[in-house]
Protein chains: 2
Amino acid sequence: MTGINFRNVDITGGFWKKKQDMLKETTVYAVYERFKETHRFDALKCQWTEGEPDMPHIFWDSDVAKWIEGVAYLLEKGKYPELKKIADEAIDLIIKNSDENGYFNSHFLVTRQDKRFTLRNEHELYCAGHLIEAAVAYYKATGEDRFLKAMCKFADYIEKCFKTEKTAAFVTPGHPELELALVKLYEATGERRYFELAEYFIDEHGKGHAGDADTFAPWGNLLYNQDDIPLKNRTTVNGHSVRALYLFSGAADVARLRGDKELTEACKRVFDNTVNRRMYVTGGVGSSHMGEAFTVDFDLPNRKAYTETCAAIALVLFASRMQLLETDSKYADCIERVLYNGLLSGISMSGDSFFYENPLEIDPDFNEVNTSQTYNERFPITQRKRVFDCSCCPPNLVRFIPSVADYIYGCDKNTLYIHQYMSCVAKVDGMTVEQTTDYPHSGKVSIRCNTEGRRIAIRIPWWCKEFNIDSPYVIEKGYAVIEAGATEINVDFGMPVNIIRANRRVHDNAGRVAVMRGPVVYCAEGVDNGRDIKNIRIDTSAKVEVRDSQFILPSLHTTAYHLKESDSLYSVAGEDLESLPLTLIPYYAFANRGTTEMYVWLLEK
Amino acid sequence: MTGINFRNVDITGGFWKKKQDMLKETTVYAVYERFKETHRFDALKCQWTEGEPDMPHIFWDSDVAKWIEGVAYLLEKGKYPELKKIADEAIDLIIKNSDENGYFNSHFLVTRQDKRFTLRNEHELYCAGHLIEAAVAYYKATGEDRFLKAMCKFADYIEKCFKTEKTAAFVTPGHPELELALVKLYEATGERRYFELAEYFIDEHGKGHAGDADTFAPWGNLLYNQDDIPLKNRTTVNGHSVRALYLFSGAADVARLRGDKELTEACKRVFDNTVNRRMYVTGGVGSSHMGEAFTVDFDLPNRKAYTETCAAIALVLFASRMQLLETDSKYADCIERVLYNGLLSGISMSGDSFFYENPLEIDPDFNEVNTSQTYNERFPITQRKRVFDCSCCPPNLVRFIPSVADYIYGCDKNTLYIHQYMSCVAKVDGMTVEQTTDYPHSGKVSIRCNTEGRRIAIRIPWWCKEFNIDSPYVIEKGYAVIEAGATEINVDFGMPVNIIRANRRVHDNAGRVAVMRGPVVYCAEGVDNGRDIKNIRIDTSAKVEVRDSQFILPSLHTTAYHLKESDSLYSVAGEDLESLPLTLIPYYAFANRGTTEMYVWLLEK
């Protein structure tokens, strides 16, 4: 299967049109302003000198690069002269300040020239990867090739230092990302050397290089770096969650492009371990702030969930590559889960503030467990911020949301796959496909198409037990497949409110259920439901009312029970439950009304 | 009310006789052997020199002192020539190596003579307190006064350095304990100066002295030290749990002996805050290992519960002093709760190994949340140890269990109070009282007595809603009061199995119940019930069978439900519960059969 690029797909209305409008009207400017204020754009001038404040940080180039990539994606669909001017100035500074080898890094160039390519964990190659991705995006959007040429030169220099002459002091990227970027650079330029360099990094990863250049714990730790065993032997997803999933996105690219079955099987095992053992119901991943990491199977604490927004994005990148390797609706199911929940929670309804971590439970009264004014437990923040010191997530959304249509379609020579449901028009290779839908407000989708003789495969979402399709179909790998020739298909998935249980091995959700409406996870906030929500018992047999809300998708209203308030700490159980109305809102919309309790997993009465 | 000392009470059979036999046959020797092996007794020779291994630790004198105190309590009731010889040798070394001022500390004398009384948090006065308590106990048991005289001289020197001449570099004990000991020394010698020194320390506490001599965080932190506001203004229990409760035990002594109403009210507030907001159902206290501390109201995490055995003992010390200040059964209820649960869990059924921390939940599969071989969450250990580096708890049990009869009776001029139920004979001031009971195996207690014209007050335990007393009574402050003259009273509290709920503000117990039989908290262990107990739902309406067990008190057997095993991480809820038998054992007996899951709070079906 190949994907159909968002360049060929216009989102015309509905849920994601609203999010794309928010992005282009607010988010892209808000992120720029914060990055300007924090001197991330100034850093590209490479004029910082010792003793000045605001030393360029090792991550900063990647922040700007992701923002430029996002602007390039906007330029694919419209004219934004102001944004293009900012991007052009940044690009010109990057080109001007690249050295004679093509090397650019606004931190190392001005602070530690002598340390170039010696510190595996200082994000030099990570920044390079994002610059390359931005350059590819900018070239495709504008046709202007100066940035692409500059980054090709940089990639050539990396190839020389790491692969050909091996003058670098370490072997593989400390924070994977470059692997993905090199595949994109290969696909944009046709230069197979770039793919081979990606292959080289993927093949060297897992050979225990992580401690080579820098033994500072935990960055030199092998498991943290997914570097304890060769990738082809990997069975579990471990260590830093974003690094792990970017790495396996790169590995899936390499497995596909060189037809590597062993690596493909490893990618499948890692994906299955991720989604069957280590993923939150929101699609968030990374259970612990300690190492920003995956932990062990079924360890999914809700309050301390790290679930970085970038990790959610990384899971989409991985799953979308996996669905090119294997036709199975589980990949698109995973993408849908992430899209409507753990990814979108990373940005406020207003589009200008962000979560780095996306917990599934907020209990503000106990967030400052103040034992001695010295010791505090660590919990995620309860309100979104406009910018972070390590502000990787906001610009990752800036590039993700404009390109979300990347995930809608796939095709092979026989079949057009519809993975995701959004109102959109796609035109590619003589095919035209138009979806008209308000999904996931309702489950009705009308499809009009000319698929050039291909069958149409319609994903049946995992949460949908009853659906209606007005054409004959057979189910294959989770898709309802309709023979070629249909030009209009009407589908109704319903949009059921489902009560979801976690596997009994997930001890943190014991006795609890999550409420989903279609793909959307709901939560209960204190602002609607009062306090001690952790103790509210939902009546799963009660009627659920669906009402329009301020959060695009509806709110849900049902009945629950609460232990009565009491002065006793412990008492013999009696008639101590009282009923109360329960309001649930989409999880992605939590924390838009001030600091308040929030729970996804609710006690079942 | 005054207490009736254990010296006047012989425990003749039943539950506590078994525990006292275990103590005198096993524990006292086991603790001695471990302390000998670890050079704690050798340290008293004061011959260690720089460069040698096993430098005497700042706590070690208190360890040995508590052991001597325990031996003295055994000597009250029998002959133990071998133990007395060991104690005598230790006492002789302490006397011999005390300096010309009477000062003794095996750490400071050999390592840091120049630092004497300069480091508030280095436990010098804490050790002194335990040495004084040991000396009082030894004197009372043997009539030999050399240790008592030596410790009086030491106390005189402390008075001079801290109160009269104020040459010490700090004001109040960093780890309270000396305050209690000075009251005991006053009561043993009649020297009011010792009480006045206790008063001085209590009155100075809360004036912000904690940071005086040593600002090393967190030991210099005021809240950790209960030193942020004057004790008489205190409304909550804060900071290091053992320090807080030893301090308030001393404060309660001072309040009683000088008739201080303001301080009495503060003690009541702190007690109520402890038991109504910050105490586990087991009577354990101290919610966090961070600072070994109380945290905030209703913060009672089960798996990370610190609940140090010494803090359980300290709560008994505090509650027993409070019941001298105010007649209310809540104090004896608290003592009973601690005795049968969070205190006794500190020692193995075999009597030779110990818990420092007493969690209410053990989940071994998730105890090593290994994110990167570098980062781990911290959880209490899952098996008892024979000795700890900081081994305060084992000798605290050595002194506590032989003197447990201290808590059975109280009296004033009108009334004899029976706080606790144990088979025992008490003879004091012409009164004789004999209890015959197998409590808490059953709730039947027979009392034969001659109380010299006093009424008899029988505590009705908080968990007992139906009881039978074969004499007329009126209820006063939680006691059934029977007019003077009764010589034989038969009581039956039943021994109901109760389903206990926590206040809804205790989020960690949401949806969960604890099972108690009378005063005894029960738990479910994996060795009996398989894994994922966190997900087992108890049917609180099902019949409970009571069977004899290997753990002195019976085990309980009932029906529960479990989510079926599943391959799915998340699934739409359906008919996915199956029934299984559930076995519960007394909480105090957990972790006697290897590492296994353990839960006190169980989901309610």
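Naming: A, B, ... by sequence-line order, numbering from 1 per chain. The model shown is predicted, which means the values in this text are computed figures rather than measured ones.
Note that CG of B/Asp532 and CZ of A/Phe298 are 8.5 Å apart. Values are rounded to the nearest 0.5 Å.
No donor-acceptor pair under 3.5 Å is formed between the side chain of B/Asn535 and the backbone N or O of A/Ala510. Proximity of a side-chain donor or acceptor of B/Arg501 to a complementary backbone N or O of A/Ala573 within less than 3.5 Å is not detected. Side-chain N or O atoms of A/Asn276 include none that pairs as donor or acceptor with a backbone N or O of B/Leu569 at under 3.5 Å. Under the 3.5 Å distance criterion, the side-chain polar atoms of B/Tyr570 are matched with a main-chain donor or acceptor of A/Val281. Here the side chain of B/Asn503 pairs a donor or acceptor atom with the backbone of A/Ser568 at under 3.5 angstrom.
A/Arg505 and B/Asp365 are joined by a salt bridge, as a carboxylate oxygen and a charged side-chain nitrogen come within less than 4.0 angstrom of each other.
Comparing A/Arg504, A/His562, A/Lys534, A/Lys304 by how many heavy-atom pairs each has under 4.5 Å with chain B, the most go to A/Arg504. Of the listed residues (B/Arg531, B/Arg537, B/Arg277), the one with the most heavy-atom contacts under 4.5 Å to chain A is B/Arg531.
Contacts between B/Tyr599 and chain A at a heavy-atom distance below 4.5 Å involve the side chain alone, from C-beta outward. Only the backbone of A/Lys564 has a heavy atom closer than 4.5 Å to any heavy atom of chain B. For a residue to count as touching a neighbouring chain, one of its non-hydrogen atoms must lie under 4.5 Å from one of that chain's; by this rule A/Val506 touches chain B with backbone and side chain alike. In this structure, chain B has a heavy atom under 4.5 Å from the side chain of A/Asp576, while its backbone stays farther away. Heavy atoms closer than 4.5 Å to chain B are found in both the backbone and the side chain of A/Ile499. For A/Tyr561, no part lies near chain B; criterion is any non-hydrogen pair under 4.5 Å. Only the side chain of A/Leu300 comes within less than 4.5 Å of a heavy atom of chain B; its backbone N, CA, C and O stay farther away. If you measure heavy-atom distances from A/Gln226 to chain B, you find no contacts under 4.5 Å at all. In this structure, chain A has a heavy atom under 4.5 Å from the side chain of B/Glu597, while its backbone stays farther away.
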| said: side-chain hydrogen bond (donor to acceptor under 3.5 Å, both in side chains) for A/Asp363 and B/His507? Distances and angles first, verdict last. | reply: CA-CA 9 Å; A/Asp363 199 355; B/His507 294 181; 2.6 Å; yes
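Scanning both residues, A/Val296 and B/Phe366, for their nearest heavy atoms gives CG2-CD2, 3.9 Å.
Atom CD of B/Glu578 sits in a crowded spot, with more than 12 heavy atoms from other residues, nucleotides or ligands closer than 6.0 Å.
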